[in-house]
Amino acid sequence: MKLSIIIPAYNEENYLPATLDAINAAKTNDAEVIVVDNQSTDATRDVARTKGAMVVAESERNIAKVRNTGADAASGDVLVFIDADSIVRRGIFEKIADAASDPRCFGGSAAVEYEPIEGRTLIRWFTKLFPIVGELMKMRGGALQFCRADVFRELGGFDATIYVGEDIDFGWRLDRYARDRVAHTTFIEQPKVLTSSRRWQRMGFFRLMFFTHPITVFAARRMRSFWKDWYDDTIR
């Protein structure tokens, strides 16, 4: 079973080397790594090629479209989507392949932990509680998601009409699709994926609470101009 590991990237020259080093250390030899360059103006493309990844380009600044472009270029049986600022541990790809060896497993995601935050007590508590709330509501984000390639295409991939929360939306649709076909998805508890806290660090607690509130996300998810910290003044 071949895995295609897809990484959307916009100006990720600082984080991408560690992300790719961790993937290369953890992946099997037949897995392919695809970095989707979303009009980077730094050395993102060069870093990706130096680390052995295939580089494809997507000009539209829409994270769902970027993920879908990576999927279009993939040749694997299972698509694995990893954020460019996330570190995987050894054993994660074996867990994904083992889960996907069951034809009734359509995909899933992995548990996430955030980089430690110095000071800023409220944000530290937020990063501890957010994954718990996410698990209760099955809001499983895109730090690491996976899906059988055929199922991904049947679902139409990520919804490119929304600009934020596309990973959660896809996870919900995948769960429903699996249930309707007497199948299931898998949530990998260990090893966890370590992901960056950079957005939480820079935004501050009250802005963070506002922009991550489900009502805000639902109401503004199709308004690109609303998400300046994601697209226009991207936090790096």
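Numbering of residues begins at 1 and proceeds along the displayed sequence.
- Identified under the salt bridge (charged side-chain N to carboxylate O under 4.0 Å, His left out) test for residues 150-161, with sequence neighbours left out: D159-R222.
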Exercise. Would you check, one step at a time, whether the test side chain to side chain contact (heavy atoms under 4.5 Å, CB included) holds for L16 with I7?
Key: CA-CA 9 Å; L16 193 57; I7 307 164; 4.2 Å; yes
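- Atom OG1 of T195 is separated from atom CG of D83 by 5.5 Å, given to the nearest 0.5 angstrom.
- When hydrophobic clusters are built by joining Ile, Leu, Val, Met, Phe, Trp and Tyr residues whose side-chain heavy atoms come closer than 4.5 Å, directly or via intermediates, M54 is grouped together with V66.
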Quiz item: Can I87 and T19 be said to form a side chain to side chain contact (heavy atoms under 4.5 Å, CB included), step by step?
Solution: CA-CA 5 Å; I87 303 297; T19 296; 4.1 Å; yes
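- Using a 4.5 Å cut-off on side-chain heavy atoms (C-beta onward), R224 and N62 make no contact.
- For the residue pair S59 and Q39, the shortest heavy atom distance occurs at O-OE1, 3.2 Å.
- Within the model, atoms CZ of F218 and CD1 of I168 stand 13.5 Å from one another, a figure rounded to the nearest 0.5 Å.
- The minimum heavy-atom distance linking S86 with A143 is given by the pair OG-CB, 3.9 Å.
- Within a 6.0 Å radius of NZ in K228, no more than 12 heavy atoms belonging to other residues, nucleotides or ligands are found.
- V80 is listed as a side-chain neighbour of F93, based on a closest heavy-atom distance under 4.5 Å.
- Linking Ile, Leu, Val, Met, Phe, Trp and Tyr whenever their side-chain heavy atoms come within less than 4.5 Å leaves L155 and I162 in two separate clusters.
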Exercise. Let me see the working for I6 and R67 under side chain to side chain contact (heavy atoms under 4.5 Å, CB included), right down to the final yes or no.
Key: CA-CA 7 Å; I6 298 164; R67 296 184 194 276; 5.6 Å; no
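- Rounding to the nearest 0.5 Å places CD of Q145 at 11.5 Å from CG of L79.
- L144 has its side chain out of reach of V112: every pair of non-hydrogen atoms, C-beta onward, lies at least 4.5 Å apart.
- Contact detail for V36 and G70: the closest heavy-atom pair is CG2-CA, 3.5 Å.
- Put simply, the residue from F146, F158, F170 that forms a ring-ring contact (aromatic ring centres under 6.0 Å, His included) with F81 is F158.
- The CZ atom of R221 lies 12.5 Å from the OG1 atom of T216; values are rounded to the nearest 0.5 Å.
- Between the side chain of N38 and the backbone N or O of E58, at least one donor-acceptor pair lies under 3.5 Å.
- Residues A64 and A160 come closest through the heavy atom pair CB-CA, 3.8 Å.
- Taking hydrophobic clusters as Ile, Leu, Val, Met, Phe, Trp and Tyr residues chained together by side-chain heavy-atom distances below 4.5 Å, W230 shares a cluster with V217.
- In terms of the ring-ring contact (aromatic ring centres under 6.0 Å, His included) criterion, residue partners of Y177 (sequence neighbours excluded) are, by chain and number, F106.
- Side-chain contact between V35 and L20: present, with at least one pair of heavy atoms (C-beta onward) separated by less than 4.5 Å.
- When side chains are defined from C-beta on, T28 does not count as touching L3, because their heavy atoms never get closer than 4.5 Å.
- Judged by distance alone, the side chain of D42 and the main-chain N or O of E13 form a donor-acceptor pair under 3.5 Å.
- Between F226 and Y163, the gap from one ring centroid to the other reaches at least 6.0 Å.
- Hydrophobic clustering (ILVMFWY, side-chain heavy atoms < 4.5 Å, transitive): I82 and Y10 are in distinct clusters.
- Closest non-hydrogen pair, E115 versus L194, comes out as N-CD1, 3.9 Å.
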Practice problem: With side chain to side chain contact (heavy atoms under 4.5 Å, CB included) as the test, would you mind laying out the steps for L174 and F152 before giving the verdict? | Solution: CA-CA 8 Å; L174 179 61; F152 183 87; over 6 Å; no
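- Of the inter-residue distances, the one linking Y15 atom OH with T44 atom OG1 reads 13.0 Å to the nearest 0.5 angstrom.
- Taking a cutoff of 4.0 Å between a charged side-chain nitrogen and a carboxylate oxygen, R173 and D169 qualify as a salt bridge.
- With contacts defined as side-chain heavy-atom distances shorter than 4.5 Å, the pair K51/N24 qualifies.
- Among residue pairs with one or both ends in residues 92-105, none qualify as side chain to side chain donor-acceptor pair (under 3.5 Å); sequence neighbours excluded.
- Closest approach of A110 and F187 over heavy atoms only: C-CE1, 3.8 Å.
- Of the possible polar contacts, none joining the E60 side chain to the K65 backbone as a donor-acceptor pair under 3.5 Å is found.
- Residues V56 and D72 fail the side-chain proximity criterion, which asks for heavy atoms closer than 4.5 Å.
- A distance of 9.5 Å separates OG in S109 from CG in D167, rounded to the nearest 0.5 Å.
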